[in-house]
Amino acid sequence: MKRILIIEDEKNLARFIELELQYEGYETAVCNDGREGLEQALEQDWDVILLDLMLPSLNGMEVCRRVRHVKETPIIMITARDSVMDRVSGLDHGADDYIVKPFAIEELLARLRSVFRRMETAVPAKQTMTVFTFRDITLEKESRIVKKGEEVIDLTKREYELLQTLMENENIVMTREALLNKIWGYETEVETNVVDVYIRYLRNKIDNPGEESYIQTVRGTGYVMRK
């Protein structure tokens, strides 16, 4: 349930807004004083703050400025002042939107929906992690982390790219030329035997002494990780 803080000194208007929002399914709280409203805004978590401009104790601009120093809670300014400078000042102090009295409750509800839509689209989608596994080796592509069991294996950039290419192409024999072009690039002047050197580096870091290598050599062709 969305929580909305109403900071408005006109008690009849505040009560009207509160009842309408509760009818729409929002959880609400009302403050009729700027200083009290600031305390509530900072002490609790709100999804939106509806903030009157002209308030006793502390005006809405100052409340907005102080909230912005601490939180990113969306703020909709509510005021009877409709000059361009007033709107610009409110937005410059950190307000997300501005609604002028008198207003229809439908307009306020529409502005709230708009704010919530912006909040939802602003939240980055959770990135899907691509994970490759081969026996007890795990490679997390996006984070570039390689583990053997629970132990993180420290690989150089070339070693990591070599292992990733082989794991992505499990059971497919990768020629030295294909590995060289994939990892070092088509324009490289490096000889294909550099692949053999890096395979040896990689084996030294991931293999178990005395056991079959994770990376098999296909004589005269290249390398493969084959279960």
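All heavy atoms count here, side chains included; hydrogens, waters and symmetry mates do not.
Residues Q40 and E36 have side chains that never bring a donor and an acceptor to within less than 3.5 angstrom of each other. Under the 3.5 Å distance criterion, with hydrogens and angles disregarded, no donor-acceptor pair is assigned to the side chains of T130 and E140. No side-chain donor-acceptor contact under 3.5 Å links R144 and Q164. Inspection of the R203 and T217 side chains reveals an N or O donor paired with an N or O acceptor under 3.5 Å. With no hydrogens or angles considered, no side-chain donor-acceptor pair links K182 and N169 at under 3.5 Å.
Judged by the 6.0 Å distance and 45° axis criteria, K141 is not positioned over the aromatic ring of F132. Cation-pi contact between R135 and Y214: present, with separation from the ring centre below 6.0 Å and deviation from the ring axis of at most 45°.
The cluster map of Ile, Leu, Val, Met, Phe, Trp and Tyr, joined by side-chain heavy atoms under 4.5 Å apart, puts V70 and V63 in the same cluster. In the hydrophobic cluster analysis, where Ile, Leu, Val, Met, Phe, Trp and Tyr join through side-chain heavy atoms closer than 4.5 angstrom, V224 is grouped apart from I172. In terms of hydrophobic clustering, with Ile, Leu, Val, Met, Phe, Trp and Tyr side chains grouped at heavy-atom distances under 4.5 Å, L202 and V218 are assigned to different clusters. With hydrophobic clusters built from ILVMFWY side chains whose heavy atoms lie under 4.5 angstrom apart, I6 shares a cluster with F16.
Using a 4.5 Å heavy-atom threshold, the side chains of L166 and I199 count as touching. Side-chain contact between L112 and V115: absent, with no pair of heavy atoms (C-beta onward) separated by less than 4.5 Å. Side-chain contact check for I75 versus R68: some heavy-atom pair is nearer than 4.5 Å. By the 4.5 Å heavy-atom criterion applied to side chains, Y98 and R111 are not counted as neighbours. Two residues are said to be in side-chain contact when any heavy atoms from C-beta on lie closer than 4.5 Å; E8 and L50 fail this criterion. In this structure, the side chains of D196 and R176 come closer than 4.5 Å at one or more pairs of heavy atoms. Side-chain atoms of W184 and V195, non-hydrogen and from C-beta on, do get closer than 4.5 Å to each other. Within the 4.5 Å cutoff, no side-chain heavy atoms of D47 are placed close to those of Y26.
Taking 4.0 Å as the cut-off between side-chain N and carboxylate O, R118 and D96 do not count as a salt-bridged pair. Remark: K147 does not engage D136 in a salt bridge, criterion side-chain N to carboxylate O under 4.0 Å. Under 4.0 Å is where a charged nitrogen must lie from a carboxylate oxygen, and between K101 and E10 at least one such pair does. Taking a cutoff of 4.0 Å between a charged side-chain nitrogen and a carboxylate oxygen, E39 and R35 do not qualify as a salt bridge.
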- [ ] Start with the C-alpha gap between I7 and D52, add the side-chain angles, then the distance that decides, and say whether side-chain contact (heavy atoms from CB on, under 4.5 Å) holds.
- [x] CA-CA 6 Å; I7 309 176; D52 187 25; 5.9 Å; no
Open item on the list: Walk me through whether D97 and S114 qualify under side-chain contact (heavy atoms from CB on, under 4.5 Å).
Closed with: CA-CA 10 Å; D97 204 348; S114 178; 5.7 Å; no
- [ ] Evaluate the side-chain contact (heavy atoms from CB on, under 4.5 Å) criterion for residues Y160 and I145: first the C-alpha distance (whole Å), next the side-chain angles of each, then the deciding distance (0.1 Å), finally the verdict.
- [x] CA-CA 9 Å; Y160 171 84; I145 292 175; over 6 Å; no
Open item on the list: What verdict does the salt bridge (charged side-chain N to carboxylate O under 4.0 Å, His left out) test give for K148 and E151, after you've listed the backbone C-alpha separation in whole Å, the side-chain angles of each residue and the deciding distance to 0.1 Å?
Closed with: CA-CA 5 Å; K148 184 177 179 182; E151 179 189 0; over 6 Å; no
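Shown here for M77 and A95, the closest heavy-atom pair between the two residues is CG-CB, 3.6 Å.
Side chain of K205 to main chain of D154: a donor-acceptor pair is present (N/O by atom type, distance under 3.5 Å, no hydrogens or angles). Looking only at distances, no side-chain donor or acceptor of S213 sits under 3.5 Å from a matching main-chain atom of Q216. With N59 contributing its side chain and L55 its backbone, the two residues share no donor-acceptor pair below 3.5 Å.
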